[in-house]
Amino acid sequence: DALVSVVADLLAGSTETDLANPLVQRFLETLGVEMAPMMVASSRDDARRAAEALGYPVVLKAGGRTDRVVGERGGTALDLHDSDELTAAYERMSARSDFLPAIVQPMAELGVHLEIRLEHDRSRGARMTFGPARGGVGDRAHQVLPVGSDELHRLVESPVVRSWLGERADRDALRSLLAALAGAASYDEISLVELQPVLVQRGRAIAVEASVQVGAVQARPLDDVRHL
């Protein structure tokens with residue numbers, strides 16, 4: 001099927017890949033994860049055309065970096081309102097060797113920012129963790145996979161998750177995204193999927209950034225085993 005095909009294509013490429021690789025978007029959309037619109041640009045003119053097609057204001061990202069954070073030095077220029085602002089940001093950011101391919105996305109609407117990870121390893125199996133973007137280690141909800149709809153409902157309706165989302169973010173949309181992402185647990189070849197941030201808004205939950213690691217699942221030492 002389509003998902004088997006895209007997993008095979010991912011395995012044929014790099015072991016770690018992110019949003020600049022169209023296979024990542026194809027994989028997640030085939031799972032049923034809604035992705036923020038994006039276009040990849042290899043030149044300043046490409047970036048301008050992408051921005052015109054997507055609509056201003058836009059975000060410009062250094063697609064060659066996997067450690068992007070907010071700010072031009074961090075590989076992400078936000079809130080570019082016209083061609084002049086986009087061109088100026090492009091010129092400044094393109095001085096770095098890891099800038100290309102550039103990624104252009106429309107500015108996202110306001111929402112609650114979460115980060116979601118699906119991990120696979122031999123000792124623990126598959127599990128999902130999620131919580132506020134840039135939150136501490138303790139600010140995380142954990143779910144062993146596979147998971148049923150009732151378990152996901154209880155998780156998303158738990159007091160801690162409700163406190164993260166508040167009243168305006170759509171818990172049903174988050175539950176649907178988690179259920180879709182959980183489908184990746186069926187593929188042992190997918191060792192890690194990271195969505196960061198995910199914007200949870202009224203009526204939708206959208207992945208803005210994503211990365212995927214493929215290859216052999218690694219065994220981790222068991223937590224209750226002492227190593228001498």
Within a radius of less than 6.0 Å around CZ of Arg73, do more than 12 heavy atoms belonging to other residues, nucleotides or ligands occur?
no
So if you build clusters from Ile, Leu, Val, Met, Phe, Trp, Tyr with side-chain heavy-atom gaps below 4.5 Å, do [X] and [Y] land together?
X	Y	value
Leu199	Val59	no
Leu80	Val208	no
Leu11	Leu118	yes
Val160	Val147	yes
Leu60	Leu54	yes

Among all residues two or more places apart in sequence or in another chain, which pass the ring pair (Phe, Tyr, Trp, His ring centres under 6.0 Å) test with Tyr90?
Phe99
Salt bridge or not between [X] and [Y]? Use side-chain N to carboxylate O under 4.0 Å.
X	Y	result
Arg175	Glu151	no
Glu209	Lys61	yes
Asp18	Arg65	no

Between Val58 and Gln105, is the side-chain contact (heavy atoms from CB on, under 4.5 Å) condition met? List the steps.
CA-CA 6 Å; Val58 297; Gln105 291 181 299; over 6 Å; no
Shortest non-hydrogen contact from [X] toward [Y]:
X	Y	answer
Ala20	Gly63	CB-O, 3.7 Å
Ala207	Val33	CB-CG1, 4.1 Å
Ala89	Ala77	CB-CB, 4.1 Å
Ala51	Leu86	CB-CD2, 3.7 Å
Trp164	Ala141	CH2-N, 3.5 Å
Pro106	Pro37	CD-O, 3.3 Å

For Arg48 and Thr87, what are the C-alpha separation, side-chain angles and deciding distance, and is it a side-chain hydrogen bond (donor to acceptor under 3.5 Å, both in side chains)?
CA-CA 8 Å; Arg48 286 172 175 166; Thr87 299; 3.0 Å; yes
Measure the spacing between [atom1] of [X] and [atom2] of [Y] and express it to the nearest 0.5 Å.
X	Y	atom1	atom2	answer
Arg127	Leu145	CZ	CG	10.0 Å
Arg117	Glu194	CZ	CD	4.5 Å
His153	Leu178	NE2	CG	13.5 Å
Asn21	Asp9	CG	CG	9.5 Å
Leu28	Leu181	CG	CG	7.0 Å
Leu3	Arg26	CG	CZ	9.5 Å

Intermediate values then yes/no, side-chain contact (heavy atoms from CB on, under 4.5 Å), Ile206 and Met35:
CA-CA 5 Å; Ile206 309 165; Met35 298 291 298; 5.7 Å; no
Is the backbone N or O of [Y] less than 3.5 Å from a side-chain atom of [X], with the two atoms forming a donor-acceptor pair by type?
X	Y	value
Gln201	Glu109	yes
Ser191	Gln213	yes
His120	Ile190	yes
Thr76	Val69	yes
Asp170	Arg202	no
Glu85	His81	yes

Out of the candidates Leu165, Leu155, Val112, only one should pair with Leu174 under the side chain to side chain contact (heavy atoms under 4.5 Å, CB included) rule; please name it.
Leu165
Residues Phe130, Val198; criterion side-chain contact (heavy atoms from CB on, under 4.5 Å); working and verdict:
CA-CA 10 Å; Phe130 69 97; Val198 170; over 6 Å; no
Chi angles and distances behind the side-chain contact (heavy atoms from CB on, under 4.5 Å) call for Leu23, Val6:
CA-CA 7 Å; Leu23 284 174; Val6 72; 4.1 Å; yes
